Each structure stands twice: as C-alpha cells, then as structure tokens.
Amino acid sequence: MIVRKIREELLRHLPEDLPFKVEPPPREEMGDYATNAALVAGGRVKRSPRELASELAEKLSRRKDLFSRVEVAGPGFLNFWVAPSYWQTVVQRVLEKGDTYGRSELGKGKKVQVEFVSANPTGPLHVGHARGAAVGDTLARILAFAGYEVVREYYINDRGRQMEVLGRSVWLRARELSGEEIEFPQDHYRGEYIRDLAAKLLSERPDLLQLPEDEALSLCRDFALREILSEIRRDLEDFGVFYDVWYSEKELYEKGEVEEALRELQEKGHLYEAEGALWFRATAFGDEKDRVVRRANGEPTYFASDIAYHREKFLKRGFDLVVDVWGADHHGYVPRLKAVLLALGVDADRLRVLLIQMVNLIEGGKLKSMSTRAGEFVTLRELLEEVGRDAMRFTFLTRKCDAPLDFDVELAKAQRTENPVYYVQYAHARLASVFRKAEEAGLEFPSPSEIPLNRLDTPEDFRLLKLLDFFPLVVEEAAEMLEPHRITYFLLDLATALHDYYTKHRFLSEDEERSRARLALARAVKQVLAQGLNLLGVSAPERM
RNA sequence: GCGCCCGUAGCUCAAUCGGAUAGAGCAUUGGACUACGAAUCCAAAGGUUGGAGGUUCGAGUCCUCCCGGGCGCGCCA
C-alpha cells in the first residue's frame with residue numbers, strides 16, 4: 001500500500017500525533033496521491049503552509065524509488081506522483097500473497113461478535129431480514145479478513161408471551177382444520193404458514209386435540225418453534241449465511257444470567273422499585289426515561305434479558321467489540337442498552353449498533369411489499385427464488401445501511417448491463433476466458449519473479465495497478481467503519497477499469513513478453529475481483 | 001410535542017471519520033465489433049447538495065433554526 005509508505009515518509013519529518021490525511025486528489029493531473037499534512041501542521045505551528053509544504057516536498061522527492069515527482073499545490077497540499085516502477089511491483093505482491101492479499105492485521109488479537117437478523121421465531125423471514133442478513137454476514141466476513149476473531153450469532157427469542165401466542169395460534173388453526181368453528185383473534189399470528197404448521201402437527205400427532213389444553217398448547221408451541229426455526233435456518237443457509245452460535249433466550253434464563261445481571265445492577269444501586277415494578281435508572285446514563293426491567297406481575301421484560309445477554313457478551317465472553325445489526329425501527333432501544341453498559345462499567349463505544357433501514361420492493365415501477373396487514377409480506381425465500389442469491393446480496397450491499405433501499409426486482413433479475421452484479425461478474429468471467437485462450441495458445445504463465453513488469457506501461461495498466469494497491473485499504477476502511485458497501489463500490493471501480501482495459505488493449509498478442517506481463521496483471525485483477533466478491537458472499541463465475 | 005435517521009443530476013445512489021472544479025449507473029442523444037466474450041467501450045447533456053444563517057484557510061460533510069419524508073416515544077416483542 002503506497003498510502004502507508006507515504007505516511008511513513010511524512011512522519012519522519014512531522015509530529016506523530018498530527019491528524020493529516022493521505023488520499024487520492026480530486027483530479028488525475030494532481031498526481032496519484034495528495035496530503036494535507038502541511039496545512040494541518042502549519043495551523044499548529046503558525047507557519048505558512050506553503051512554505052512547510054515545499055520543505056517537505058524537497059525532502060520526500062529524494063526517494064526516487066517511490067516518487068517521480070512531489071509538488072506543492074493550492075493552499076499547501078502536497079501532490080505525489082508515484083514512480084512507475086513502484087506500481088509495477090504491485091502485481092507481483094498480489095500474486096505472491098495470493099488469497100491472503102488484502103488481509104490485514106487491523107483486528108489482530110481482538111474478539112468481535114456480530115449479532116444479526118435475530119428475528120423472532122414466529123414466522124418466516126421477510127425481505128427486511130434479508131437485508132440485515134446480507135449486511136451482517138458480509139460484515140462478519142470483512143472483519144475476519146481484517147484480522148478479527150469473529151463470532152456470528154443469532155439471538156433467539158424463544159420464550160415469553162409471543163411464544164404462548166404462537167402456540168395458541170397453531171392450536172386454534174388445528175381445531176379449525178378439524179371442523180371446529182373458530183373466531184381467530186386479531187392479535188394472533190394470522191399468516192398462512194400457521195395453518196400449514198397446524199396441518200403438519202396434526203398428521204404427526206393425531207391425538208393433539210384430545211390432549212388437555214395445557215399440554216396441547218405447549219406441544220403446539222414447541223413444535224412451531226422448532227419448525228419455524230429450522231425454516232429460518234434453511235432460508236439463511238440458502239442465502240449463504242451461516243452462524244457460529246444460535247443463542248437461546250430461554251437458556252439465558254435457565255442459566256440464571258438474567259437474575260444475576262439484575263442482581264449486579266441492584267447491588268450497584270442502579271435499580272429501584274416503583275408502582276410495583278422494578279426499574280433501571282437509565283436516565284442516570286443519558287437515556288430519556290427510566291426503564292422497567294421487571295413488571296408488577298413479576299415477569300421480567302424483554303429488556304431484562306437483553307441486559308443479561310449483553311452483559312454476558314462483554315463481561316463473560318470478553319468480546320472487545322460487539323456489533324448488533326437491528327431493524328431501524330428499534331433505534332429507540334440503543335440509548336437504554338448503552339446506558340446499561342455504562343452502569344456495568346463497560347465502555348459503551350464497544351457496542352456498535354447498525355440500524356438497517358427499510359427495504360421497498362419495486363416491481364413494474366410500483367411498490368410491491370410493505371403491506372403491514374398481518375401475514376402479508378414478501379419473504380426472503382420468495383425473493384431468493386425469484387432473483388437469485390448473487391443479485392439479491394449484491395443489491396443489498398450497494399447502499400450504506402442507514403438509508404432506505406429501493407429494491408427493483410426486475411433490475412435485479414435482469415441479466416443485462418444495468419445490473420451491477422453482472423457487470424462485476426462479467427469482468428471476472430472475461431478474464432477467465434482470457435486464461436482459457438492463453439492455455440489453448442500454449443502461453444506459459446510467468447512465476448511472479450519472472451514477470452516482465454516494465455511492459456505494464458500504458459495508462460490503463462497503471463489504473464489497474466493503483467486499484468489493486470488500494471484494495472487492502474478498502475478492506476480496512478470497510479472493517480473500521482462497518483461499511484460493507486465500500487467493497488461493492490470498489491469492485492465496480494475495478495470492473496470498470498478492467499472493461500476499459502479490455503476494449504483498449506489485448507492481453508494476448510504477438511509480443512510474447514508483453515503477453516506474459518499482461519497475463520500476470522489479468523491474474524492479479526481476477527484474484528482481487530474474486531476475493532472482493534467472496535467478501536460479499538457473491539460468486540465469481542468462470543463462465544456466464 | 002420530544003428523539004433518531006434521511007433529503008445530492010429526470011430516476012437510483014456515491015463522495016475515503018472537514019479538503020482542491022460534487023462523481024457513477026440508469027434513462028436521453030450520438031458513436032465503436034473481420035481482434036482474447038458487445039452482458040463491453042467512448043462522447044454529449046444533465047446540479048444554488050431541501051432552505052436560511054453560523055464555525056474556518058476550506059462545508060454535501062460540523063453547529064443552530066426552518067421545510068419535507070421515514071421510524072420511534074408501553075409494566076409489547
């Protein structure tokens with residue numbers, strides 16, 4: 001990474017804590033990279049930035065191996081032209097490192113948990129969950145690639161009132177199926193899948209309706225939970241999403257974690273009783289109001305188990321960083337959870353909550369999903385079957401997650417140029433095709449040390465080399481800022497540069513030296529495209 | 001009413017935790033295949049970054065107010 005080298009060079013002449021940046025300048029004529037170091041330093045020591053800049057330029061330009069030119073520009077920016085010989089070695093590094101190219105040690109020695117989806121097991125996953133799944137899963141891949149030790153986790157709300165309602169919903173449908181006239185309650189789960197579950201249970205347990213009500217209800221509940229959960233799991237797996245841990249809320253209670261957590265808060269003086277309920281003094285830690293943790297009827301609230309869960313994440317399992325991926329409608333919940341962490345003596349910045357905004361499904365220019373009427377929504381599975389995994393994941397990852405997303409179903413399905421996922425995959429497939437041709441022609445692929453690097457000398461060569469050099473930095477930034485879409489945009493850039501190259505130059509020609517050099521470049525680009533796609537959970541096809 | 005998120009080209013979105021003349025794709029118009037895959041490429045056109053102030057060498061980005069949209073504000077989950 002040349003950025004890192006430039007930074008190192010600058011630091012030989014500047015104070016270590018100076019918050020300067022090294023980044024590509026807005027226009028190509030301004031060089032390959034630029035820094036505002038002199039501007040920032042000038043402000044601090046009350047010297048003219050331009051004067052400082054020209055001193056720095058003089059010093060750094062001695063590194064002929066790195067820079068062909070260093071200039072002062074504008075109010076005191078330093079512009080760098082990187083030596084072509086440096087760029088050419090990039091292809092060597094990419095090939096030597098292979099699959100590890102882009103890997104980073106950013107998170108070395110740090111444990112991070114990514115908790116995502118965690119939808120209530122009361123029905124199938126819908127498209128909103130799919131977006132959360134794509135973001136959470138990709139983030140986990142990126143963090144792992146950036147050197148973190150990652151645990152991916154699904155938190156199952158398998159207890160409490162909703163489970164009772166679920167069991168009762170199935171039971172009522174079962175009775176209905178066997179001919180009974182039932183007035184189905186409004187606040188129960190009304191989706192068609194409940195009827196299917198009832199039918200399935202009835203065929204397994206014909207005696208269901210003869211059982212005492214209590215027994216029947218709990219049978220229905222357990223059955224529904226098991227079935228729905230395995231359905232959720234299957235949906236996610238088909239979507240390319242896997243978990244290390246499925247964490248049961250019920251077990252959290254059985255292990256006594258909830259009582260333990262409440263006891264600790266009690267001992268630290270953060271709980272009080274009022275109106276028959278037990279409250280957490282969230283206002284002492286920046287939340288708007290205090291929150292009930294145990295209701296007057298003795299039942300702990302959902303919040304209580306979340307306290308216990310997050311306490312367990314930080315204090316028992318020792319995660320350095322916890323990333324929660326939630327639906328944006330839960331945003332009001334963030335302050336109270338951060339308040340709990342503070343109360344427990346945990347730095348609240350170690351919890352990062354990603355709020356996933358709504359997905360609007362667009363079909364034929366019209367809004368398709370988002371009927372809030374019970375049971376009417378487009379499921380993850382339906383969309384998966386309609387548009388396919390690659391297009392679906394890629395589309396979800398083309399936006400930062402805190403902006404609402406319009407998902408154009410027809411566009412995602414289209415195997416045409418406008419569909420960005422094909423654009424990137426096509427670049428990869430094109431390169432694969434070049435290698436098939438090269439093999440036919442009997443052209444030998446050079447070992448990294450034998451590449452005629454100086455034959456990579458056109459502007460299009462350098463454009464690709466620079467992008468390849470940039471990739472590790474993109475990974476680090478995506479990891480640091482928890483923004484998977486940075487990878488997506490990088491891939492689009494790289495694919496664009498490749499397609500441009502492809503129309504302007506030939507990889508295989510009469511000039512054998514040049515062909516070998518370009519073949520090496522092609523392999524490096526192909527490898528990084530595949531790596532990037534892999535981080536997104538999208539396939540990199542050899543043929544399309 | 002209070003809080004959070006969003007507002008950028010006709011449409012969908014970027015803009016590297018404050019940087020130089022705000023960039024892509026789609027749509028529109030006009031071009032490029034006897035060449036490794038035209039699922040591609042090139043060009044034109046398109047903007048008061050919702051509005052008004054402020055902070056500073058410098059603001060789409062930070063602060064205040066207003067407008068518009070979404071979502072929250074339960075001893076629900």
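Because the structure is predicted, anything quoted here is derived from the model rather than measured. Chain letters run A, B, ... following the sequence lines, proteins first, then strands; residues in each count from 1.
- Using a 4.0 Å heavy-atom distance criterion, A:Ala427 is classed as making no nucleic acid contact.
- Here, B:C67 and B:U48 have their P atoms 23 Å apart, quoted to the whole Å.
- Look at the P atom in both B:G51 and B:C11: the space between them is 15 Å, to the nearest Å.
- Taking only side-chain nitrogens and oxygens, A:Tyr423 comes nearer than 4.0 Å to OP1 or OP2 of B:C41.
- The same atom, C1', is picked in B:A59 and in B:A45; the two are 28 Å apart, to the nearest Å.
- Of the residues listed (A:Glu153, A:Arg352, A:His310), the one engaging A:Asp324 in a side-chain contact (heavy atoms from CB on, under 4.5 Å) is A:His310, and it is the only one.
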**Request:** For nucleotides 7-16 of chain B, just jot down a letter per nucleotide in 5' to 3' order: B, S or -, based on protein non-hydrogen atoms under 4.0 Å.
**Result:** -----SSSSB
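- Judged by closest nucleotide on RNA chain B, A:Asp402 is the one of A:Asp402 and A:Tyr33 placed further toward the 5' end.
- Other residues, nucleotides and ligands place more than 12 heavy atoms under 6.0 Å from the CD atom of A:Glu29.
- Here A:Ala441 lies out of heavy-atom contact (under 4.0 Å) with every strand.
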Restricting to nitrogen or oxygen on both sides, can you table the protein-nucleotides 45-47 of chain B pairs closer than 3.5 Å?
none

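- At least one side-chain heavy atom of A:Val340 sits under 4.5 Å from a side-chain heavy atom of A:Phe303.
- Within 4.0 Å (heavy atoms only), A:Leu278 reaches no atom of the nucleic acid at all.
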N/O-N/O pairs, protein side and nucleotides 34-37 of chain B side, under 3.5 Å:
unit_1, atom_1, unit_2, atom_2, d
B:A35, O2', A:Arg506, NH1, 2.1
B:A35, O2', A:Arg506, NH2, 3.4
B:C36, O4', A:Arg506, NH2, 3.4
B:C36, O2, A:Phe507, N, 3.4
B:C36, O2, A:Leu508, N, 3.1
B:C36, N3, A:Phe507, N, 2.9
B:C36, N4, A:Tyr502, O, 3.0
B:C36, N4, A:His505, O, 2.4
B:G37, OP1, A:Ser433, OG, 2.1
B:G37, OP2, A:Ser433, OG, 3.4
B:G37, O2', A:Tyr426, OH, 2.6
B:G37, O2', A:Arg430, NE, 2.8
B:G37, N7, A:Ser433, OG, 3.4
B:G37, O6, A:Met544, N, 3.1

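- Judged by the 6.0 Å distance and 45° axis criteria, A:Arg50 is not positioned over the aromatic ring of A:Phe77.
- Remark: side-chain polar atoms of A:Thr35 are not paired, donor with acceptor, to backbone N or O of A:Leu78 under 3.5 angstrom.
- Within the 3.5 Å criterion, the main-chain N or O of A:Glu249 finds no donor-acceptor partner in the side chain of A:Ser305.
- Where RNA chain B pairs in unbroken runs of 3 or more (Watson-Crick or G-U, both distances under 3.5 Å), the stems are B:1-7 with B:67-73, B:10-13 with B:23-26, B:28-32 with B:40-44, B:50-54 with B:62-66.
- Using bins of under 30°, 30° to 60° and over 60° for the plane-to-plane angle, the ring pair A:Tyr155/A:Tyr302 lands in the perpendicular bin.
- Taking atom P on both nucleotides, B:G46 is separated from B:A22 by 14 Å, rounded to a whole Å.
- Between A:Tyr333 and A:Trp326, the two ring planes are perpendicular [angle over 60°; tilted spans 30° to 60°].
- Nucleotides B:U61 and B:U49 place their P atoms 10 Å apart, quoted to the nearest Å.
- Atoms CD1 (A:Ile362) and C1' (B:C26) sit 15 Å apart, rounded to a whole Å.
- Taking atom CG of residue A:Leu498 and atom P of nucleotide B:A39, one finds them 15 Å apart after rounding to whole Å.
- A:Phe407 has its ring centre less than 6.0 Å from the ring centre of A:Phe396.
- Straight-line distance from the CE atom of A:Met163 to the P atom of B:C76: 17 Å, rounded to whole Å.
- Rounded to whole Å, the distance from CZ on A:Phe20 to P on B:G18 is 16 Å.
- Geometrically, A:Arg516 does not engage A:Phe445 in a cation-pi contact defined by less than 6.0 Å to the ring centre and at most 45° from the axis.
- For B:A20, the base has no donor-acceptor partner in the side chain of A:Asn36 [N/O atoms by modelled type, under 3.5 angstrom].
- Taking atom C1' in both B:U21 and B:G60, one finds a spacing of 15 Å when rounded to whole Å.
- Using a 4.5 Å heavy-atom threshold, the side chains of A:Met163 and A:Pro121 count as touching.
- A salt bridge (Lys or Arg N to Asp or Glu O under 4.0 Å) with A:Glu299 is found for one member of A:Arg161, A:Arg294, A:Arg159 and no other, namely A:Arg159.
- A:Tyr501 does not carry A:Arg463 over the face of its six-membered ring by the limits of under 6.0 Å from the centre and within 45° of the normal.
- More than 12 non-hydrogen atoms from other residues, nucleotides or ligands lie less than 6.0 angstrom from NZ of A:Lys466.
- At most 12 non-hydrogen atoms from other residues, nucleotides or ligands lie less than 6.0 angstrom from CD of A:Glu512.
- Using a 4.5 Å heavy-atom cutoff, the side chains of A:Tyr154 and A:Ile156 are in contact.
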**Request:** Carefully, step by step, assess A:Arg455 and A:Arg518 under the rule side-chain contact (heavy atoms from CB on, under 4.5 Å).
**Result:** CA-CA 8 Å; A:Arg455 308 309 290 274; A:Arg518 288 186 172 171; over 6 Å; no
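- Listed by first and then second residue, the side chain to side chain donor-acceptor pair (under 3.5 Å) pairs that reach into residues 435-446 of chain A come to none, sequence neighbours excluded.
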**Prompt:** Using a cut-off of 4.0 Å between protein heavy atoms and nucleotide atoms, how would you tag nucleotides 67-75 of chain B 5' to 3' with B, S and -?
**Reply:** ----BSSSB
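- Comparing the P positions of B:A38 and B:G50 gives a spacing of 41 Å, expressed to the nearest Å.
- Classified by its glycosidic torsion, B:C33 falls in the syn category, the angle being within 90° of 0.
- A gap of 14 Å separates the P atoms of B:C2 and B:U64, to the nearest Å.
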